[in-house]
Novice: 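One structure follows; several queries about it will come next.
What you see is a predicted model, and the numbers here were worked out from it, not measured in a lab.
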Amino acid sequence: VLADTGLVVTAEMSIEEWVAVPNHPRYQGMVGYGWDHAKRSGPVVLEAQRQVVGVEYNGGFYKLNGHRRGALWASGELRAPASVYVTIYRVNNKQEFDGLYGTFNNATSGAQYHKIAGALRECGLSLTSKRLRYGYILTALNIALRGTSRAHQDKANTPPIDVYKAVRVFSRELELLDSVDPQPDVFYNGVIAAGLIALTLHPETGLEFFRKLSAKEGNKRDGMMDPIEAVLTQIHTMKSQRSAWITAQQEDLCGRTLQAFTVWQEGEDSAGEYWVRAMVRPLDYELLIRRVRELKQIASARDL
C-alpha cells in the first residue's frame with residue numbers, strides 16, 4: 001500500500017496478483033482497450049500500461065480496467081512489467097459498484113492522475129517518495145490553488161485545473177517535499193496542499209517543519225502538544241474516525257497544518273499558542289493562496 005485515504009487506496013501489486021483479481025460482473029469482453037500496439041511501443045507506453053484500477057465492494061475486489069492487459073500478460077502475448085500500480089476505490093452499495101464500472105469503461109475517469117504522472121515526467125521531476133512519485137495529488141493541487149477540492153468548486157463556472165500547468169507551477173515545492181520522504185500515513189492531500197503553500201511563501205525555513213512531520217518528531221509537555229504533535233494528533237483522529245477520505249476534512253486539515261506551521265515559525269517564546277491541549281485551530285488560508293498566486297504570476301489564470 002502506497003497511500004490510503006479511506007475511500008481510495010493506491011498500491012503496488014505483482015502481475016500474478018492482478019491477473020488473479022476477478023473481473024467486475026458487468027465486464028463484457030476484451031474489446032476496445034487498444035493495448036496490442038504496446039508490443040511495438042517504447043518505454044512510456046510500457047510504463048503507462050502498469051496503471052490499473054480496481055474496486056472494493058462487499059468484501060470483494062474486482063477489476064475496473066486492465067482486463068485485457070491481464071489476459072495478454074498471462075498468455076505471454078504482451079511482455080509483462082515487473083508489477084502494476086493499482087488505484088482501488090472503496091464503495092458502499094450496489095449503485096456505486098455498478099456506476100463506477102460504467103464510469104471507467106465509458107469515459108476516461110482517472111485520466112487526471114495519469115496526466116499528473118505525465119506532467120512530473122515533462123517537468124523532469126524524478127520524485128522518489130512513495131507518496132508523491134505516482135502523482136496522486138489532484139486534491140492537494142486543487143486546495144493549494146483554489147482553497148477547495150474540485151468537489152466543492154462551482155463546476156458550472158469554473159473549469160478544472162490544468163494539471164500539467166499546476167505541476168509546473170509547484171515543481172520546486174514538490175521537489176522540496178519529496179526530499180523529506182513524506183510518509184503516506186501523514187501526508188494526506190490536506191498536508192501536501194499546506195506544504196505547497198508554505199514552501200512557496202517560506203522556501204528557506206519551511207522545509208524543516210515538514211521534515212519533522214514526516215519523521216513524526218512531535219513533542220508533548222505537561223499534557224500539552226507542540227505544533228508538530230498537534231498536526232499528528234489531528235491526523236490520528238481522522239484515521240480513527242475513518243473520515244480522512246472526506247474532501248472537506250482535507251481542506252480543514254490544510255488549514256490546521258498551516259496554522260501549526262505559522263505558530264512553529266514564530267517559535268515557542270513568541271507564540272502564545274505554541275503549546276496546546278486540544279487540536280490546533282484551522283487557519284483561513286484564502287489570503288495565503290492569493291499571495292501564492294501572485295508570486296507564481298497566475299493570479300488571473302482560470303485554468304489554475
Novice: Spell out, as yes or no, whether a donor-acceptor pair under 3.5 Å connects the side chain of D226 to the backbone of G218.
Specialist: no
Novice: Identify whether the distance between the nearest side-chain nitrogen and carboxylate oxygen of R290 and E294 falls below 4.0 Å.
Specialist: no
Novice: Report yes if the side chains of L295 and L201 come closer than 4.5 Å at any heavy-atom pair, otherwise no.
Specialist: yes
Novice: Side-chain donor-acceptor pair under 3.5 Å between Q49 and W73, yes or no?
Specialist: yes
Novice: Hey, what's the ring geometry for F261 with F209, parallel, tilted or perpendicular (30° and 60° as the breaks)?
Specialist: perpendicular
Novice: Could you check whether F97 and Y62 have their ring centres less than 6.0 Å apart?
Specialist: yes
Novice: State, to 0.1 Å, how close V276 and A230 come at their nearest heavy-atom pair, and which atoms those are.
Specialist: CG2-CB, 4.1 Å
Novice: Under a 4.5 Å cut-off applied to non-hydrogen side-chain atoms, are V191 and Q250 in contact?
Specialist: no
Novice: Between S14 and E17, do the side chains contain an N or O donor and an N or O acceptor separated by less than 3.5 Å?
Specialist: yes
Novice: V280 and I228: same hydrophobic cluster, using ILVMFWY side-chain contacts below 4.5 Å?
Specialist: no
Novice: If you take all heavy atoms of R150 and K155, which pair is closest and at what distance?
Specialist: O-NZ, 3.2 Å
Novice: Determine, stepwise, if the pair K296 / E173 fulfils salt bridge (charged side-chain N to carboxylate O under 4.0 Å, His left out).
Specialist: CA-CA 12 Å; K296 298 289 188 181; E173 291 74 23; 2.9 Å; yes
Novice: Under the side chain to side chain contact (heavy atoms under 4.5 Å, CB included) test against V91, which residue among N58, L100, L7 passes?
Specialist: L100
